[in-house]
Amino acid sequence: MRKPLSTSLITAALVAAGVLLPVGPAAATPTDTLATDTLASATLASAAERSGRYFGAGVQGYKLADPVYTGILDREFAVVTPENEMKLDATEPQQGRFTFGPADRIVDHAVRQGKRVRGHTLLWHPGQPSWLVNLQGAALRQAMLNHVTQVAAYYRGRVFAWDVVNEAFADGTSGARRDSNFQRTGDDWIEAAFRAARAADPGAKLCYNDYNIENWAHAKTQAVHRMVRDFRARGVPIDCVGLQSHFTANHPVPADFATTIRNFAALGVDVQLTELDIEGSGATQAENYRRAVTACLAVSRCTGITVWGIRDSDSWRASGTPLLFDSTGAKKPAYTAVLNALDGGPCP
Ligand code: 9MR
């Protein structure tokens, strides 16, 4: 069952739309007789909230000075993921010297606006500062875990979920771990990172995040699924899996996307679409967004969706126009498709 919109929300929406004049709470309004569940939600966040889910966006701190950008962010999204500002090169540019200013700017903005923050990411193989690249063995392992501990502890209580480890599996058909300096410290580096994160912030949900794990048939998906199953069986603290969901014409929303989400959820973890963007335009793009959102809505433990940017011009691949707002900030057909899909979604 969908949650009906409250009369006050409907009244506010109708006032905003110029349909109703603002009136005091004692006055009777025509909304009392409306069939509430046929009304569309006003924003992505409120539409997702109706089924108990969140809708979020990847955010770049320096863009908060742009009023069009921040206006859309504040209006439409309930959760914020710093796109780059929490990465290792940003937060620990020199060993043991932590810089949280750029990330704090985003977190402070989110908190002021009543939004929640997803932390991205504690350990990722690219973008390592040179001091880290130059370490190996026990010294590297110790530095990695210290990083996880310090950053997770600093944001304790302000970040509700962390991508503890990002993109640790190889592409292709091997199903193997990706080679990296982290991996060369031993296969147990991922579980050690999750344990350190849990100890530093016991209240945060701890996620493994990756791309190209949306298609159930793919070897990489199966390999990540095996790791999560193993972690759950051995009590390694993992709460969620992030499916990045970067789609293109060559890497489309798979027909079995909901199956993948369901199979991860069956391991006892939440699933989130963490970096959703879909290249394309017009009705085709809108339909692909509808399919992606509908796959999440089909699984009760798919608890939220984050799009990786706000306007097309904000995207890491702007030429593919993969987002829900065009470069002027206008809503695209894909926006309407997502809003409608969320409004039609069942409660978890
Ligand atoms: O969108 C991010 C872009 O601004 C950065 O330049 C890039 C390198 O740090 O990272 C992009 O975000 C990536 C994310 O952190 C992990 N999954 C892939 C994303 C796109 O590259």
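Keep in mind that what you see is a predicted model, and the values were worked out from it rather than measured.
- Contact check for Thr274 versus Trp308: no side-chain heavy atoms found under the 4.5 Å cut-off.
- Between Asp210 and Arg178 there is no salt bridge, since no side-chain N of the basic residue sits under 4.0 Å from a carboxylate O of the acidic one.
- Within the 4.5 Å cutoff, side-chain heavy atoms of Val117 are placed close to those of Pro82.
- No donor-acceptor contact under 3.5 angstrom links the side chains of His125 and Asp179, judged on distance only.
- For the pairing with Lys332, the side-chain hydrogen bond (donor to acceptor under 3.5 Å, both in side chains) check across Asp312, Asp326, Thr321 returns one residue only, Asp312.
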### Task
Test salt bridge (charged side-chain N to carboxylate O under 4.0 Å, His left out) on Arg141 and Asp188 and set out the steps.
CA-CA 10 Å; Arg141 176 64 71 94; Asp188 62 341; 2.6 Å; yes

### Task
Just do the side chain to side chain donor-acceptor pair (under 3.5 Å) check on Gln94 and Trp131 with the steps written out, would you?
CA-CA 7 Å; Gln94 294 174 278; Trp131 68 263; over 6 Å; no

### Task
Report the C-alpha separation of Lys331 and Leu339 in whole Å, then their side-chain angles, then the decisive distance to 0.1 Å, and conclude whether the side chain to side chain contact (heavy atoms under 4.5 Å, CB included) test is met.
CA-CA 11 Å; Lys331 296 169 180 173; Leu339 195 72; over 6 Å; no

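- No side-chain donor from either of Thr248 and Asn250 sits under 3.5 Å from a side-chain acceptor of the other.
- Taking 4.0 Å as the cut-off between side-chain N and carboxylate O, Arg105 and Glu85 do not count as a salt-bridged pair.
- In this structure, Cys302 SG and Phe264 CZ are separated by 12.0 Å, a value rounded to the nearest 0.5 Å.
- For Asp270 and Lys205, the salt-bridge test fails: no basic side-chain N is under 4.0 Å from an acidic carboxylate O.
- Note: Gln150 CD to Phe98 CZ = 4.5 Å, rounded to the nearest 0.5 Å.
- Ion pairing between Asp239 and Arg198 holds under the 4.0 Å rule for side-chain N and carboxylate O.
- With sequence neighbours left out, the side-chain hydrogen bond (donor to acceptor under 3.5 Å, both in side chains) criterion links Arg232 to no other residue.
- Nearest heavy atoms, Ala286 versus Ala337: O-CB, 3.4 Å.
- Residues Leu273 and Ile261 are in side-chain contact: their nearest non-hydrogen atoms beyond the backbone lie under 4.5 Å apart.
- In this structure the side chain of Val107 never reaches within 4.5 angstrom of the side chain of Phe100, judged on heavy atoms.
- Linking Ile, Leu, Val, Met, Phe, Trp and Tyr residues whenever their side-chain heavy atoms come within less than 4.5 Å places Ile190 and Leu267 in a single cluster.
- Residues Trp189 and Arg184 are not in side-chain contact: their nearest non-hydrogen atoms beyond the backbone lie 4.5 Å or more apart.
- A donor and an acceptor atom, one from each side chain of Gln60 and Tyr69, are nowhere located under 3.5 Å apart.
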### Task
Check the pair Phe247, Arg291 against side chain to side chain contact (heavy atoms under 4.5 Å, CB included), reporting the backbone distance first and the verdict last.
CA-CA 12 Å; Phe247 296 114; Arg291 292 181 55 230; over 6 Å; no

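- Here the shortest heavy-atom pairing between Ala223 and Gly175 reads CB-O, 3.3 Å.
- The two residues Val164 and Leu122 come nearest to each other via the heavy atoms O-CB, 3.4 Å.
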### Task
Would you sort out whether Val293 and Leu342 count as a side chain to side chain contact (heavy atoms under 4.5 Å, CB included), showing the intermediate values?
CA-CA 7 Å; Val293 169; Leu342 292 170; 3.7 Å; yes

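- Ser245 and Glu214 make their closest contact through N-OE2, 2.8 Å (heavy atoms, listed as atom of the first residue, atom of the second, distance).
- Between the Asp314 side chain and the Arg311 main chain, a donor and an acceptor come within less than 3.5 Å of each other.
- Heavy atoms of other residues, nucleotides or ligands lying less than 6.0 angstrom from CZ of Arg97 number 12 at most.
- Donor-acceptor pairing under 3.5 Å is lacking for the side chains of Asn212 and His218.
- Pairing each heavy atom of Ala258 with each of Val299, the nearest pair is O-CG2, 3.9 Å.
- Follow the hydrophobic side-chain contacts under 4.5 Å out from Val165 and you never reach Trp124; the two are in separate clusters.
- Val241 places a side-chain heavy atom less than 4.5 Å from the side chain of Val228.
- Atom-to-atom distance recorded for Met227:CE and Phe169:CZ is 4.5 Å, nearest 0.5 angstrom.
- Considering CG of Leu140 and CG of Leu132, their distance stands at 5.5 Å, rounded to 0.5 Å.
- Residues satisfying the side-chain hydrogen bond (donor to acceptor under 3.5 Å, both in side chains) criterion with Asp104, sequence neighbours excluded, are Tyr154, Tyr155.
- Around CD of Gln95, the count of heavy atoms belonging to other residues, nucleotides or ligands within 6.0 Å exceeds 12.
- Tyr335 approaches Leu324 most closely through the heavy-atom pair CB-O, 3.5 Å.
- Applying the under-4.5 Å side-chain rule to Ile, Leu, Val, Met, Phe, Trp and Tyr, the cluster around Trp216 consists of that residue alone.
- Using modelled atom types, one finds no donor on one side chain facing an acceptor on the other under 3.5 Å when comparing Arg118 with Thr306.
- A side-chain contact (heavy atoms from CB on, under 4.5 Å) with Tyr289 is found for exactly one of Val307, Thr294, Val253, namely Val307.
- At least one side-chain heavy atom of Leu64 sits under 4.5 Å from a side-chain heavy atom of Leu73.
- A distance of 8.0 Å separates CD1 of Ile238 from CG of Leu206, quoted to the nearest 0.5 Å.
- The line from CG of Leu44 to CZ of Arg53 is 14.5 Å long, rounded to the nearest 0.5 Å.
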